[in-house]
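Below, chain A is the first sequence line, B the second, and so on; all start at residue 1. Side chains included, hydrogens not; waters and symmetry mates left out as well; all remaining heavy atoms used.
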Amino acid sequence: MPTNAEAAELLREIADILDVLGERFKPEAYRRASRSIESLTEDLAHVAARGELRTIPGVGDAIAEKLREFLATGRLDYRDRLRREVPPGILELLRVPGLGPKTARRFWLELGVEGPAELADAIRAGRLTGVAGFGPKKVEQIRAALAAAGPSAGARIPIAAAYPIAERLVAGLRAAGGIEQIEIAGSFRRGRETVGDLDVLVTSADPERVFDAFGRLPEVREVRLRGATKETVVLASGLQVDLRVVEPAAFGAAWQYFTGSKDHNVHLRSLARDRGLKINEYGVFRGEARIGGRTEAEVYGALDLAWIPPELREDRGEIDAAAKGPLPPLVERTDLTAEFHVHLPPDAGVRDVDRVVAAARARKLGYLGIVVASAAVDGPGPALPKAALDRLASVRVPGLALGRAVEVGPAGGPPDALAGRPDYVIVRPPAASANPPEASPGGPPVAIVAHVGGDEGARRWVAWAGAHHAAIEVGPGSERLDSTGARSARTSGVRLVVPTGVDLPDGDPTSAVALGFARRAGAGPHDVLGAADAAGFTRSGAARRRA
DNA sequence: GCCGTTTTCGGCCCGACTGTTTTCAGTCG
């Protein structure tokens with residue numbers, strides 16, 4: 001069964017081919033549908049099974065029919081026919097930065113060039129000199145782009161990997177001075193699983209100074225373009241970063257605009273047009289007069305919409321919802337009052353316990369659960385040293401409940417690991433392919449499931465958790481749920497565990513990324529396990545319920 | 001190909017930047 005990503009890629013390829021063939025509006029229609037499917041937080045096959053493909057924005061009769069064929073057979077006749085219309089290498093040309101469909105089509109039809117290698121040959125042979133529209137600079141630009149085209153060019157990176165980069169860039173720019181306000185926009189702000197580039201917005205009285213400093217940051221490999229309001233650089237890692245300087249009166253409009261998503265913005269602009277307004281990155285305009293734009297709320301307010309959290313801006317119905325009134329609150333960092341999954345070092349002592357307890361106090365957590373023993377796949381793991389266990393048993397902090405967890409493999413932990421009567425169990429499958437256990441491990445009646453083991457595993461574990469009164473951890477990495485998995489958990493009534501990061505070093509992105517995923521899944525405070533819920537998910541709480 | 005308080009046809013976001021141009025086309029986001 002094809003995945004959402006494969007279906008999105010299919011539609012994108014069709015759009016590329018139609019582009020090269022010179023179609024006018026179809027390519028954008030296919031891309032729109034492709035983006036919708038990519039941002040779907042549910043299995044496309046499920047939507048199809050319910051007969052609801054047409055409810056996906058940008059999917060009409062024709063594309064729905066093609067999706068059904070692709071889902072059923074893994075192929076699409078229409079795509080195969082289109083592929084025969086253009087040389088295969090032409091589509092690779094589209095991936096060269098600066099080369100678009102118009103240029104690729106001209107190379108193909110006017111020069112007989114059918115791919116990147118042939119184009120490089122043609123440039124070397126001087127066959128582009130004298131061709132209308134291709135001066136020396138353009139030719140050199142293309143030559144350099146062809147030479148630089150590597151496997152990593154344009155690849156998206158996990159958002160957790162983007163966090164430290166973003167922090168260094170912001171710190172570097174601040175240190176250079178001349179900046180009043182600085183924010184990150186784009187898919188990073190929307191909390192997407194991966195980001196393709198970073199969009200940085202600043203206000204400054206001295207843009208030139210900011211651009212100079214930006215281009216000189218140590219991580220910057222190349223300044224790709226620089227104008228009066230924006231500068232684009234490529235980092236040593238290959239990640240592209242756009243820096244824009246905007247005036248304070250337009251900051252909200254720019255932040256809104258560059259946060260996207262594209263489809264969200266197109267929808268907003270069409271609403272604006274219907275009202276005789278115009279929205280762009282400089283503000284909201286009635287005629288020549290700017291009537292808003294200093295804040296995002298002004299932009300949404302001009303359309304009588306409630307402010308929409310960035311994580312929801314995917315044109316998936318959030319605009320209609322915001323027209324009816326304020327959106328239901330999403331979980332906030334301050335709602336994360338419980339930590340369930342702290343691992344201490346194997347040789348942990350009193351000080352390690354005290355350190356994490358102090359951190360939990362500082363974060364005002366109400367519940368702190370520490371793994372006291374792992375009984376992993378290959379037999380019982382080490383329990384915490386006695387000194388740490390004793391400290392854990394004796395420490396008293398007003399308002400902070402301490403919990404003891406045992407982490408076990410899917411077949412259940414060895415009896416002696418559970419003999420210490422933990423408050424709850426963290427279930428950990430041995431491999432990505434692992435199936436959920438048939439029944440809850442012995443001992444405590446409830447479990448927190450972490451380490452779900454990849455995309456395919458997520459759905460099985462969500463079902464398992466639903467049947468066993470368990471909650472599931474969300475966050476970065478294949479061992480936790482992403483936003484798609486989190487949404488399926490939420491709609492199945494399975495509570496989410498969001499790591500607080502209380503045991504992690506400053507700047508570790510795990511908690512922020514996890515919170516973003518939960519929010520993208522539409523999770524409110526009550527969808528996430530907090531301190532007030534901890535009792536219901538632990539032994540003592542279960543005992544109380546029975547009593 | 002999609003879509004609709006302009007709904008079954010006729011539109012389709014909009015601006016920055018670059019290179020090649022005497023006013024614009026192509027690409028990108």
Side-chain angles (χ1 to χ4, degrees), chain A residues 11 14-15 18-36 53-67 78 82 93-107 128-142 144-145 154 185-188 195-201 207 211 223-232 240-246 250 253-254 256-285 303-304 315 320 323:
Chain A
L11 298 182
I14 292 172
L18 291 173
D19 241 341
V20 172
L21 290 175
E23 287 278 354
R24 295 263 281 148
F25 294 103
K26 282 189 194 179
E28 203 35 49
Y30 275 95
R31 284 203 185 89
R32 166 104 207 275
S34 174
R35 287 192 302 269
S36 269
L53 286 175
R54 291 285 323 267
T55 65
I56 300 170
V59 175
D61 285 330
I63 292 183
E65 182 55 40
K66 291 178 173 72
L67 287 174
Y78 178 63
L82 281 178
L93 280 183
L94 295 181
R95 282 184 271 283
V96 177
L99 273 190
K102 300 272 170 49
T103 313
R105 182 179 167 80
R106 284 193 59 193
F107 285 154
L128 256 64
T129 41
V131 178
F134 293 96
K137 282 189 177 174
K138 190 76 195 172
V139 172
E140 171 52 25
Q141 197 184 67
I142 294 173
S187 53
F188 181 87
V195 301
D197 62 9
L198 286 175
D199 297 288
V200 185
L201 246 54
F211 286 151
V223 176
R224 189 161 277 175
L225 61 85
R226 175 169 168 172
T229 64
K230 80 176 251 193
E231 180 172 20
T232 296
Q240 178 173 314
V241 186
D242 294 337
L243 174 70
R244 289 182 170 79
V245 176
V246 304
Q256 192 288 318
Y257 177 75
F258 290 111
T259 296
S261 66
K262 176 181 169 123
D263 292 322
H264 177 89
N265 285 351
V266 168
H267 194 155
L268 279 192
R269 288 180 180 204
S270 75
L271 285 184
R273 203 181 45 220
D274 293 346
R275 291 166 174 246
L277 302 175
K278 186 173 79 169
I279 293 181
N280 56 28
E281 59 265 52
Y282 301 109
V284 183
F285 297 87
L303 301 173
D304 290 323
D315 196 24
D320 286 345

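Mapped onto DNA chain B by nearest heavy atom, A:E281 and A:F134 fall at different nucleotides, with A:E281 at the one closer to the 5' end. Comparing A:R54 and A:K138 by the nucleotide of DNA chain B whose heavy atom lies nearest to each, the residue mapping closer to the 5' end is A:R54.
For the atom pair CZ (A:F25) and CZ (A:R32), the distance works out to 15.0 Å, reported to the nearest 0.5 Å.
Contact annotation for A:P101: backbone-only contact, meaning every heavy-atom pair under 4.0 Å involves sugar-phosphate atoms and none involves a base. Contact annotation for A:E231: no contact, since no heavy-atom pair falls under 4.0 Å across all strands. Among the protein residues, A:A228 comes within range of the sugar-phosphate backbone only, with heavy atoms under 4.0 Å from sugar or phosphate atoms but none that close to a base. A:F258 comes within 4.0 angstrom of no nucleic acid atom, judged by non-hydrogen atoms across all strands. Among the protein residues, A:R244 comes within range of no part of the nucleic acid, since none of its heavy atoms lies under 4.0 Å from any strand. As judged by a 4.0 angstrom heavy-atom cut-off over every strand, A:N265 is placed among residues making no nucleic acid contact. As judged by a 4.0 angstrom heavy-atom cut-off over every strand, A:K26 is placed among the base-contacting residues. Across all strands, A:K262 comes closer than 4.0 Å to base atoms (heavy-atom distances). Contact annotation for A:L99: backbone-only contact, meaning every heavy-atom pair under 4.0 Å involves sugar-phosphate atoms and none involves a base. Nucleic acid contact for A:E23: none, since no nucleic acid atom lies under 4.0 Å from a heavy atom of the residue.
Residues that satisfy the side chain to side chain contact (heavy atoms under 4.5 Å, CB included) test with A:E65, not counting sequence neighbours, are A:R68. Residues passing the salt bridge (Lys or Arg N to Asp or Glu O under 4.0 Å) test with A:R273, sequence neighbours excluded: none. Under the salt bridge (Lys or Arg N to Asp or Glu O under 4.0 Å) criterion, A:R95 pairs with no residue, sequence neighbours left out. Looking at residues two or more places apart in sequence or on another chain, you find no salt bridge (Lys or Arg N to Asp or Glu O under 4.0 Å) involving A:D242. Residues that satisfy the salt bridge (Lys or Arg N to Asp or Glu O under 4.0 Å) test with A:R35, not counting sequence neighbours, are A:E28, A:D263.
Contact footprint of chain A on DNA chain B: nucleotides with an atom under 4.0 Å from a non-hydrogen protein atom, first to last in 5' to 3' order, B:dG1 to B:dG29.
Comparing B:dC13 with B:dC2, their C1' atoms are spaced 15 Å from each other, to the whole Å. Nucleotides B:dC17 and B:dT22 place their P atoms 22 Å apart, quoted to the nearest Å. With both ends at atom C1', the span from B:dT18 to B:dT23 equals 15 Å, rounded to whole Å. B:dT27 and B:dT20 have their C1' atoms separated by 14 Å, given to the nearest Å. B:dG11 sits 10 Å from B:dT6 when the C1' atoms are compared, rounded to a whole Å. Here the separation of B:dT21 from B:dG26, taken at their P atoms, is 13 Å to the nearest Å. Taking atom C1' on both B:dT8 and B:dG1, the two are 14 Å apart, rounded to the nearest angstrom. The gap from the P atom of B:dT7 to that of B:dC12 amounts to 15 Å, rounded to the nearest Å.
One finds no salt bridge joining A:K66 and A:D61 here, because no Lys/Arg side-chain nitrogen approaches an Asp/Glu carboxylate oxygen to under 4.0 Å.
Nucleotide B:dT8: unpaired (no Watson-Crick or G-U wobble partner with both distances less than 3.5 Å).
With ring centers used as reference points, A:F107 lies under 6.0 Å from A:F134.
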